[in-house]
Each structure stands twice: as C-alpha cells, then as structure tokens.
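This chain uses plain numbering: 1 for the first residue, then up along the sequence. Below, each value reflects all heavy atoms present in this structure, side chains not excepted, and no hydrogens, waters or symmetry copies.
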Amino acid sequence: MESLYAITTGVLTACGLYLTLRGRTFPVVVGLTLLSYAVNLFLFSMGGLTTDGATIVNGGGEYADPLPQALVLTAIVIGFAMTAFVVILAMRARSEAGNDHVDGRSHDDEERS
C-alpha cells in the first residue's frame, strides 16, 4: 500500500511541475492545484499509513495519528483559497494583457523580435 501511495504522490508532483512550467495561465493554475494535492498526500503519509487504526481512547494499541489529519484539513482550506485567488488573478491578467500567457506576451510579439 505504501508503494502505491508513494507512486501516486510522485505522479501528482511530476504532473504538477510539468503543468506549472507551461506558458499559459490555466495549465499553471491546474499544476499548482496538483502540487497542493501532492503535498497534502505527503503530509498525510507522514502520520503513518494504518488500515485498522483506532482513535486515541485509552492510549493502548496502534492508533491513527490525528496531527497529519489536522494539517491536511488546514492545507485543503488554504489550497482552496489560494486556487480561487490565482484564478481571479489569471482572469484579471488576461483582461488587462489581452492574452493568457504567463509572461504577458503573445507569440506574435516573439516573432517580431
């Protein structure tokens, strides 16, 4: 189970980095979102992966660590707010620049120079 979890986290990270390095704003936003999902999976895995872990009641036995769960829940809320902000920022940049390239220049500008 740990290997599948690690492979999934790695694939999300690789796809997120690839999309973040694209030249348009929408793939950058999707890439940042995928990176935040990968970080959430990584934080969650730091608590240890248990399949039958109980909540902490009497302090005995194997239990699920609640701290990574709280960190991931907080990261989800912050990631949603960050994604909403970046989408609004991208929409504003597109309306002001007239295109959706992250550097603000279109391919026509590159051909002229």
Are Phe44 and Leu73 linked, directly or through intermediate hydrophobic residues, by side-chain heavy-atom contacts shorter than 4.5 Å (ILVMFWY only)? no
Co-membership, hydrophobic cluster, residues Val30 and Leu12, 4.5 Å side-chain: yes
To the nearest 0.5 Å, atom CG of Leu32 lies from atom OG1 of Thr20 at 4.5 Å
Can you list the other members of the hydrophobic cluster that holds Val11, where links are side-chain heavy atoms under 4.5 angstrom apart? Ile7
Return the CD1 to CG distance between Ile78 and Leu71, rounded to the nearest 0.5 Å. 9.5 Å
Results of side-chain hydrogen bond (donor to acceptor under 3.5 Å, both in side chains) for Arg22 - residues two or more places apart only: Tyr18
Looking at side-chain heavy atoms only, is the closest gap between Leu19 and Val28 below 4.5 Å? no
Looking only at non-hydrogen atoms, find the nearest pair between Tyr5 and Ser45 and report the distance. CE2-CB, 3.3 Å
When you group the ILVMFWY residues by side-chain heavy-atom contacts below 4.5 Å and let the links chain together, are Val86 and Phe80 in the same group? no
Closest non-hydrogen atom pair between Ala38 and Thr9, with its separation: O-CG2, 3.7 Å
Correct closest heavy-atom pair for Val72 and Asn40 would be CG2-O, 3.3 Å
Among the clusters formed by ILVMFWY side chains lying less than 4.5 Å apart, do Leu35 and Met82 turn up in the same one? no
At their closest point, which heavy atom of Leu34 faces which heavy atom of Gly16, and how far apart are they? CB-CA, 3.9 Å
Any side-chain hydrogen bond (donor to acceptor under 3.5 Å, both in side chains) pairs touching residues 25-39, not counting sequence neighbours? none
